[in-house]
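The structure appears below as structure tokens.
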Protein chains: 4
Amino acid sequence: MRILKRKIIENKEIKEANLLDSAFTLFTEKGVKETSVQDIVNKAGVAKGTFYLYFKDKYEIQDYLIIKKSKQLFEKAITSLKEKNIQDYRERVIFIIDNIIDEFAKNKLLLKFISKNLSWAIYSDKISNIIDDSSIGLVDLFLEDIKNINIKIDNPEVKLFMIIEMTSSTVYTSITSNKPLPIEKYKPILYEEIKKILS
Amino acid sequence: MRILKRKIIENKEIKEANLLDSAFTLFTEKGVKETSVQDIVNKAGVAKGTFYLYFKDKYEIQDYLIIKKSKQLFEKAITSLKEKNIQDYRERVIFIIDNIIDEFAKNKLLLKFISKNLSWAIYSDKISNIIDDSSIGLVDLFLEDIKNINIKIDNPEVKLFMIIEMTSSTVYTSITSNKPLPIEKYKPILYEEIKKILS
Amino acid sequence: MRILKRKIIENKEIKEANLLDSAFTLFTEKGVKETSVQDIVNKAGVAKGTFYLYFKDKYEIQDYLIIKKSKQLFEKAITSLKEKNIQDYRERVIFIIDNIIDEFAKNKLLLKFISKNLSWAIYSDKISNIIDDSSIGLVDLFLEDIKNINIKIDNPEVKLFMIIEMTSSTVYTSITSNKPLPIEKYKPILYEEIKKILS
Amino acid sequence: MRILKRKIIENKEIKEANLLDSAFTLFTEKGVKETSVQDIVNKAGVAKGTFYLYFKDKYEIQDYLIIKKSKQLFEKAITSLKEKNIQDYRERVIFIIDNIIDEFAKNKLLLKFISKNLSWAIYSDKISNIIDDSSIGLVDLFLEDIKNINIKIDNPEVKLFMIIEMTSSTVYTSITSNKPLPIEKYKPILYEEIKKILS
DNA sequence: TATGAATGAGGGTTCATTCAT
DNA sequence: GATGAATGAACCCTCATTCAT
């Protein structure tokens with residue numbers, strides 16, 4: 001009996017994951033507005049009504065996905081960071097940002113889907129509700145770094161927020177339209193300014 | 001005859017202005033997506049078909065409005081600047097930004113409508129097509145300022161772009177949700193960083 | 001469960017028949033062009049969107065109806081033919097035509113709706129797709145008749161086509177405007193010519 | 001003064017001819033339904049309102065054109081006939097029909113525009129109202145031929161009507177879709193039947 | 001749970017026609 | 001006569017959401 005229930009629960013999770021995957025593929029391929037609920041359920045192989053058993057509407061699934069994908073990006077970057085042995089806290093921040101920019105440069109569809117909402121994803125209150133989360137994010141990592149050094153930085157959280165906003169909006173334009181500079185030329189300028197902010 | 005024609009042309013301009021005003025009011029009150037062409041023409045007191053004599057679709061009127069309103073903001077700020085006698089080029093940039101932020105703080109609906117598209121409005125190629133423009137913008141003003149001083153700045157255009165992006169995205173969050181700080185507390189920190197970038 | 005499903009399917013068929021009936025009534029009463037999809041769904045008592053679950057557009061329902069009604073006409077005539085004992089293949093063709101002409105004379109709205117498309121309905125490739133059909137049509141009946149007699153006719157199919165076209169276009173004018181003669185006076189002349197063609 | 005008035009009248013005629021030419025070109029290029037009044041006036045280089053000074057609506061101009069073009073076809077064929085010296089009245093009818101079929105085969109757009117309305121154009125009461133006409137048509141020519149020979153034909157007008165209807169509907173299908181036979185193979189069969197009808 | 005038929009408001013757009021100029 | 005801006009009904013169609021099964 002308990003096994004049957006577990007199966008049902010697993011089945012539910014599979015269906016939900018299925019819907020999320022389908023939605024993500026379609027959102028990045030054709031855009032959120034251009035993707036209908038019908039498209040999503042077709043791809044997922046479930047009935048239209050089923051969608052509404054799992055999500056309130058199309059935008060709930062979008063929010064969920066933005067947060068999930070953003071988190072994955074940071075997690076991957078932080079994992080890479082731990083393999084290196086970078087001491088300087090500024091270099092550590094830049095390493096993570098560089099890592100994520102490279103990911104975006106490789107996957108422009110992901111960039112288009114997330115970028116404009118990156119900081120929202122990081123700071124959203126929804127994050128805890130939606131995703132069962134135990135991993136450390138960029139913000140916590142940075143604040144801990146700051147605590148561990150002697151240099152005093154005013155308003156470290158605000159500074160980090162500024163860095164994230166500036167980075168995500170300018171990098172978006174740089175990657176998608178090479179303006180004001182192509183990403184590889186823009187990077188050194190960006191990192192220079194980040195260092196200034198963190199000094 | 002010529003007078004009659006003039007009347008017709010004036011009439012057309014009045015109607016166009018009417019549609020733009022109505023659209024702007026509705027866009028800021030309920031959002032672009034939630035506003036239908038029907039809503040706009042109802043408010044403007046014209047027939048639905050008339051809308052399509054002036055604009056291709058809802059999004060053309062949106063673009064037009066974003067650019068127009070952005071331009072007005074900068075013009076007002078630049079006019080104010082000219083009344084003061086600020087010499088330092090960094091202070092001049094900050095004066096303009098401060099001016100615009102205050103405007104946004106007073107008019108949050110305008111902020112919501114424009115902010116996310118501010119840099120697009122500034123750099124859009126559409127600007128010249130849509131709006132008959134003879135006035136100077138922030139970019140030109142800044143570049144001229146730079147030319148007139150001896151200090152050499154690397155990539156001034158890129159720096160300005162970074163400032164605009166960082167400002168508009170962080171200020172948006174600050175004004176609409178007081179995060180990471182309320183706008184009055186955030187301002188000095190922001191201006192400090194802008195000065196660093198311009199040094 | 002199976003019974004429930006059957007109910008749904010029956011329900012669907014009722015709704016489709018409902019839409020077809022409503023469309024047919026409106027098409028014959030006011031004409032196809034003057035009938036809107038809105039009119040059809042109003043009469044059928046379903047929502048607009050429902051229409052598009054069953055038909056691609058107004059013209060698909062029109063095609064469907066023309067073929068369906070034409071087929072019914074021929075079927076009825078052929079059924080009558082079988083009750084008689086007419087041996088001569090020419091008389092058999094004329095019997096069917098006469099039968100259909102009488103039907104048209106009684107129902108001028110049907111005539112207006114179908115007549116101009118009668119041969120299209122007979123020869124259309126769509127016939128097999130749209131209507132699940134096992135009954136024999138005029139063409140097959142005639143060709144079989146021809147096979148069963150010794151007299152050799154050149155190009156029997158072409159001759160039949162000529163008869164159908166000549167009949168439907170002249171009968172249309174005769175019934176709707178009594179030109180060049182009222183239908184009862186025209187019939188003998190027409191049948192005389194048909195016999196000549198078939199000899 | 002009188003000269004000025006004539007100029008105005010000529011101007012009107014030029015404008016009307018202009019509208020007719022434009023409409024005919026568009027009707028045959030894209031079809032009547034697909035041609036808007038706007039299209040016609042654009043091509044004619046006049047204002048939309050001007051159209052309604054000359055024609056009640058799009059369908060009046062269509063009727064006018066069908067009749068005009070049909071008349072031209074018959075006139076041309078009859079002129080050709082007069083250059084030959086064909087004595088047999090049946091051959092004379094067939095000569096004219098052959099002439100017109102060839103014209104249609106060369107100009108399929110014209111065929112599509114006229115064919116379905118050929119007999120309407122011949123017998124329409126509108127003909128005298130719309131077109132100032134002094135020339136002889138097929139009907140009159142044929143009836144005169146009949147009078148001049150000794151052989152008695154029953155209902156000659158009816159027979160001619162049948163020939164025209166049968167010809168125009170079958171030829172249309174033959175030329176546009178090679179069914180039931182390509183036009184060159186179909187012609188001899190058709191002419192054989194016409195001869196039978198006229199005997 | 002899961003289904004998918006049904007809904008119906010709303011989308012953008014076209015266009016014949018009118019009428020003030 | 002000539003204009004063309006304005007009208008607004010009608011067009012077809014989409015789609016998020018509901019609900020009986």
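What you see is a predicted model; the values in this text were computed from it and never measured. Numbers restart at 1 for each chain; the letters A, B, ... are given by sequence-line order, proteins then strands.
Here the side chains of A:T176 and A:L111 are in contact, with some heavy-atom distance below 4.5 Å. Side-chain contact between A:L20 and A:F55: present, with at least one pair of heavy atoms (C-beta onward) separated by less than 4.5 Å.
In this structure, the separation between CD1 on A:I114 and CG on A:L109 is 11.5 Å, given to the nearest 0.5 Å.
Between the CD1 atom of B:I40 and the P atom of E:dT13 there is a distance of 12 Å, given to the nearest Å. One can place CZ of B:F51 at 12 Å from P of E:dG11, the figure rounded to the nearest angstrom. Atom CD1 of A:I61 is separated from atom P of F:dA16 by 12 Å (rounded to the nearest Å). Atoms CG (B:N42) and P (E:dG12) sit 13 Å apart, rounded to a whole Å.
Listed by residue number, the members of residues 16-31 of chain B with any heavy atom below 4.0 angstrom from DNA chain E form an empty set.
The environment of NZ in A:K58 is crowded: more than 12 heavy-atom neighbours from other residues, nucleotides or ligands sit within 6.0 Å.
In this structure a side-chain-to-backbone donor-acceptor pair under 3.5 Å is missing from C:S115 to C:K112. Using modelled atom types, one side-chain atom of C:D57 and one backbone atom of C:E60 make a donor-acceptor pair closer than 3.5 Å. Judged purely by atom type and a 3.5 angstrom limit, D:D21 has no side-chain atom pairing as donor or acceptor with the backbone of D:N18.
Stems are defined here as 3 or more consecutive Watson-Crick or G-U wobble pairs with pairing distances under 3.5 Å; those involving DNA chain F are E:2-21 with F:2-21.
In this structure, C:K69 satisfies the cation-pi test against C:F24, with its NZ or CZ atom closer than 6.0 Å to the six-membered ring centre and inside 45 degrees of the ring normal. Because its NZ or CZ atom is not both nearer than 6.0 Å to the ring centre of B:Y54 and within 45° of the ring axis, B:K15 does not count as a cation-pi partner of that residue.
Relative to the side chain of A:L53, the nucleotides E:dG8, E:dT1, E:dG4 differ in distance, and E:dT1 lies closest.
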Just the atom pairs and distances: protein N or O near nucleotides 12-15 of chain F's N or O, under 3.5 Å.
residue, atom, partner, partner atom, Å
F:dC12, N4, C:K48, NZ, 3.4
F:dC13, OP2, C:K56, O, 3.4
F:dC13, N4, C:K48, NZ, 3.0

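Between D:G45 and B:Y54, it is D:G45 whose nearest contact on DNA chain F lies nearer the 5' terminus.
In terms of heavy atoms, C:S22 sits closest to C:I40 at CB-O, 3.8 Å.
Across all strands shown, C:F55 has no heavy atoms under 4.0 Å from either base or sugar-phosphate atoms.
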Step-by-step side chain to side chain contact (heavy atoms under 4.5 Å, CB included) determination, B:Q38 to B:N42: CA-CA 6 Å; B:Q38 190 65 62; B:N42 284 351; 3.1 Å; yes
